[in-house]
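Accompanying notes for the structure given below.
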Amino acid sequence: LVVHPSHAQAVIDAERFPHFAALGRDSAVFTNATSNYNVTSLSIPSFLTGRWLAPEDLRVGPYPIPKRYLNDSILSVLMRQGYKVEEDDEGFPLLRSHPELFVPEASSLYYRIMVPRLLRQYLPLSPQSHAYTLSLWDDFLEGVSGSGSLGRVYFVHPLLPHEPSEFDRYGQRHPPPPPRDVAQMERAYEEQVMLVANLLGTRTEKLQAEGLYDRAVMVVPGAPGPRP
C-alpha cells in the first residue's frame, strides 16, 4: 500500500490506492501496526475485546466473540450505551436475503471439506470462495442513510483480501492464479487489495452523499496475518 517500505517514511501510494490515500488524509494512519494473530477467528475477537485469546477460547462460545468475553466486546459496550449495532459478515446468514448464492456457497463448502489440505497448495482455490463479498457490501451501503444511521454502529467483515485472489480492482472475477506462480499471485493479490480500496471509496462517497461523513467515526483494521 505504501510508496516507501520503511515504516518511518511510509506514505500511502495515492496513484494505486487513491481511496486509501484520501481517507488517510482525514485520518490517523498507524503505519507500524501488526496483527497479533495469523487467523481471523482469533484476531477479530481479540481487537473487539482488547484481550489476548487462546485457540481454546473459541471452543466455548460463538464466533466471533467467545461467550465468556461477550460483555467485554466494544460492540456490546456500545449497545449498552444505546447504540444500535448492525453486524454484516460473509457466510450463511446472507442466504436468507440472497438465495441465489446457495450454489456457489455449497461449491466452496464442498471444496473446503472434501479436498485434503495437503493438495490445496497444488490446486487453485474454489472460484466461489468470495461469493458473498460484493452482495455483503451492497447490503451494507443500502442500509446507510442520513435519516436512519445516526446512533448506529456498523461492523462489516468482508473476506477480501483473503485468498483466493480472484477479483481485479474493478470487481471483475477471474480464475485465481496457480499457487506456485508467485509473481502472478502477488499481482492478483494487489488487484484484489485495490478492489478493497475501491469499496472503501464507495463507503466514503455514500457517507458524504447522506451528510454523514463529518459526523462519522470510521475504523479500518487489518485482521490476521503479517500484512498491514
Side-chain angles (χ1 to χ4, degrees), residues 1-40 43-44 47-48 88-90 124-125 127 129-144 153-177 179 181-228:
L1 297 180
V2 298
V3 176
H4 196 285
S6 169
H7 288 305
Q9 304 180 50
V11 177
I12 297 175
D13 190 332
E15 182 176 347
R16 292 188 300 155
F17 302 98
H19 295 295
F20 271 141
L23 191 60
R25 287 192 290 269
D26 291 340
S27 308
V29 181
F30 298 90
T31 59
N32 200 29
T34 56
S35 175
N36 52 354
Y37 296 101
N38 65 344
V39 291
T40 302
S43 183
I44 288 182
F47 71 66
L48 286 178
D88 294 301
D89 204 336
E90 291 191 35
L125 293 178
S129 295
H130 294 308
Y132 290 124
T133 297
L134 298 183
S135 296
L136 171 71
W137 195 258
D138 289 343
D139 288 354
F140 158 61
L141 288 182
E142 186 177 352
V144 175
V153 176
Y154 298 91
F155 174 75
V156 186
H157 177 216
L159 290 179
L160 296 175
H162 280 267
E163 61 179 3
S165 299
E166 55 179 338
F167 285 112
D168 63 21
R169 70 189 74 181
Y170 307 109
Q172 299 299 311
R173 177 176 267 135
H174 53 78
D181 189 335
V182 176
Q184 191 175 346
M185 287 187 68
E186 289 180 349
R187 287 194 298 271
Y189 172 75
E190 182 173 288
E191 283 287 318
Q192 196 152 283
V193 174
M194 288 181 176
L195 173 60
V196 175
N198 290 337
L199 292 178
L200 289 174
T202 63
R203 180 192 64 173
T204 299
E205 292 167 357
K206 182 64 180 290
L207 290 173
Q208 291 170 336
E210 296 291 337
L212 295 171
Y213 183 77
D214 293 327
R215 306 174 69 178
V217 175
M218 292 177 282
V219 181
V220 185
R227 294 184 291 261

Walk me through whether Phe155 and Ile44 qualify under side-chain contact (heavy atoms from CB on, under 4.5 Å).
CA-CA 11 Å; Phe155 174 75; Ile44 288 182; 3.9 Å; yes
Output every pair passing side chain to side chain donor-acceptor pair (under 3.5 Å) with a member in residues 194-216, not counting sequence neighbours, ordered by first then second residue.
Asp26-Tyr213, Trp137-Thr202
Check: Asp168 side chain, Gln172 main-chain N or O, donor-acceptor pair, under 3.5 Å:
yes
Residue pair [X] / [Y]: nearest heavy atoms and the distance that separates them:
X	Y	result
Ile12	Phe20	CD1-O, 3.7 Å
Ala216	Leu207	CB-CD1, 4.5 Å
Tyr189	Ser165	CA-OG, 3.3 Å
Phe167	Arg173	CZ-NH2, 3.5 Å

Atom pair CD (Glu191) and CD (Glu166), whose distance is rounded to the nearest 0.5 Å:
13.5 Å
In a check of side chain to side chain contact (heavy atoms under 4.5 Å, CB included) between Glu190 and each of Glu186, Met194, Arg187, which one passes?
Met194
Mind checking side chain to side chain donor-acceptor pair (under 3.5 Å) for Ser27 and listing every partner two or more places apart, or none if nothing turns up?
none
